[in-house]
Amino acid sequence: QVQLVESGGGLVQAGGSLRLSCAATGSIFSINVMGWYRQAPGKQRELVAVVTSGDSTNYADSVKGRFTISRDNAKNTVYLQMSSLKPEDTAVYFCNCNLKRRSWSGDVSYWGQGTQVTVSS
């Protein structure tokens, strides 16, 4: 079975940095899109950043210029480098992958379990 495992969350002071990682394991034919979402208490889950297999990226306006998403295809891993963190970035961050398990199958979306990021002021 495909699993996504996030790591790197924690507590950091405002202005600090964290790097999140998410590794996809299992039998995978191709990963089309990898991304990070976050959900703060009382809010809906929102897109933070995505990166395609061709390394094109898209960011939420709120994190643009501060966060960088990247992927290591050899490791089936996506990263989120977060800098200049703000208290408003506090949330549970979820990894998401849109992938094919077989060449003949359709895309399937997988989610990680989430990792907590807390930014203190």
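Only this structure's heavy atoms are used, side chains among them; waters, hydrogens and symmetry mates stay out.
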For Lys100, salt bridge (Lys or Arg N to Asp or Glu O under 4.0 Å) partners two or more places apart: Asp107
In terms of hydrophobic clusters joined by side-chain contacts under 4.5 Å, are Val33 and Val78 together? no
Count I, L, V, M, F, W, Y as connected when their side-chain heavy atoms are under 4.5 Å apart, and connections chain through other members. Are Phe94 and Trp36 then in the same cluster? no
Residues in side-chain contact (heavy atoms from CB on, under 4.5 Å) with Leu47, at least two apart? Tyr37, Val50, Asn58
Point-to-point distance, once rounded to the nearest 0.5 Å, from CG of Leu85 to CG of Leu18: 5.5 Å
Kindly list each side-chain donor-acceptor pair under 3.5 angstrom involving residues 4-14, sequence neighbours excluded, with atom names and distances?
unit_1: Glu6; atom_1: OE1; unit_2: Gln113; atom_2: N; d: 2.9
unit_1: Glu6; atom_1: OE1; unit_2: Gln113; atom_2: NE2; d: 3.2
unit_1: Glu6; atom_1: OE1; unit_2: Gly114; atom_2: N; d: 2.9
unit_1: Glu6; atom_1: OE2; unit_2: Cys95; atom_2: N; d: 2.8
unit_1: Glu6; atom_1: OE2; unit_2: Gly114; atom_2: N; d: 3.1
unit_1: Ser7; atom_1: OG; unit_2: Ser21; atom_2: OG; d: 2.8

Ser53: what forms a side-chain contact (heavy atoms from CB on, under 4.5 Å) with it, not counting sequence neighbours? Arg71
Does any pair with a residue in residues 27-94 pass disulfide (SG to SG under 2.5 Å), and if so which ones, sequence neighbours excluded? none
Inter-residue atom distance Phe29.CZ - Arg102.CZ, 0.5 Å rounding: 10.5 Å
For a side-chain contact (heavy atoms from CB on, under 4.5 Å) check, start with the C-alpha distance between Ser27 and Arg101, then their side-chain angles and the critical distance, and finish with the verdict. CA-CA 6 Å; Ser27 295; Arg101 298 178 67 187; 5.7 Å; no
Testing the basics here: between Ala24 and Ile31, what is the closest heavy-atom pair and its distance to 0.1 Å? CB-CD1, 4.2 Å
Considering all heavy atoms of both residues, which atom of Gln39 and which atom of Lys43 are nearest to each other, and what is their separation? NE2-O, 3.2 Å
Pairs where residues 111-120 contributes a residue and the test salt bridge (Lys or Arg N to Asp or Glu O under 4.0 Å) is met, not counting sequence neighbours: none
Test: salt bridge (Lys or Arg N to Asp or Glu O under 4.0 Å). Region: residues 12-36. Which pairs qualify, not counting sequence neighbours? none
What residue pairs, at least two apart or across chains, pass salt bridge (Lys or Arg N to Asp or Glu O under 4.0 Å) with a residue in residues 20-34? none
side-chain contact (heavy atoms from CB on, under 4.5 Å) partners of Asp72, counting only residues at least two apart: Ala74, Lys75, Tyr79
Between Met34 and Ile69 the two heavy atoms that sit nearest each other are O-CD1, 3.9 Å
Residues in side-chain contact (heavy atoms from CB on, under 4.5 Å) contact with Ser109, at least two apart in sequence or another chain: Asn96, Trp111
For Ser84 versus Ser17, what's the shortest heavy-atom pair and its separation? N-OG, 4.3 Å
Listed by chain and number, what are the side chain to side chain donor-acceptor pair (under 3.5 Å) partners of Lys64, not counting sequence neighbours? Asp61
From CA spacing to verdict: side-chain contact (heavy atoms from CB on, under 4.5 Å), Val51, Tyr59: CA-CA 9 Å; Val51 57; Tyr59 297 90; over 6 Å; no
Side chain to side chain donor-acceptor pair (under 3.5 Å) pairs touching residues 85-94, sequence neighbours excluded, are Arg38-Asp89, Arg38-Tyr93, Arg66-Asp89
From CA spacing to verdict: side-chain contact (heavy atoms from CB on, under 4.5 Å), Leu20, Val117: CA-CA 9 Å; Leu20 307 182; Val117 172; 4.0 Å; yes
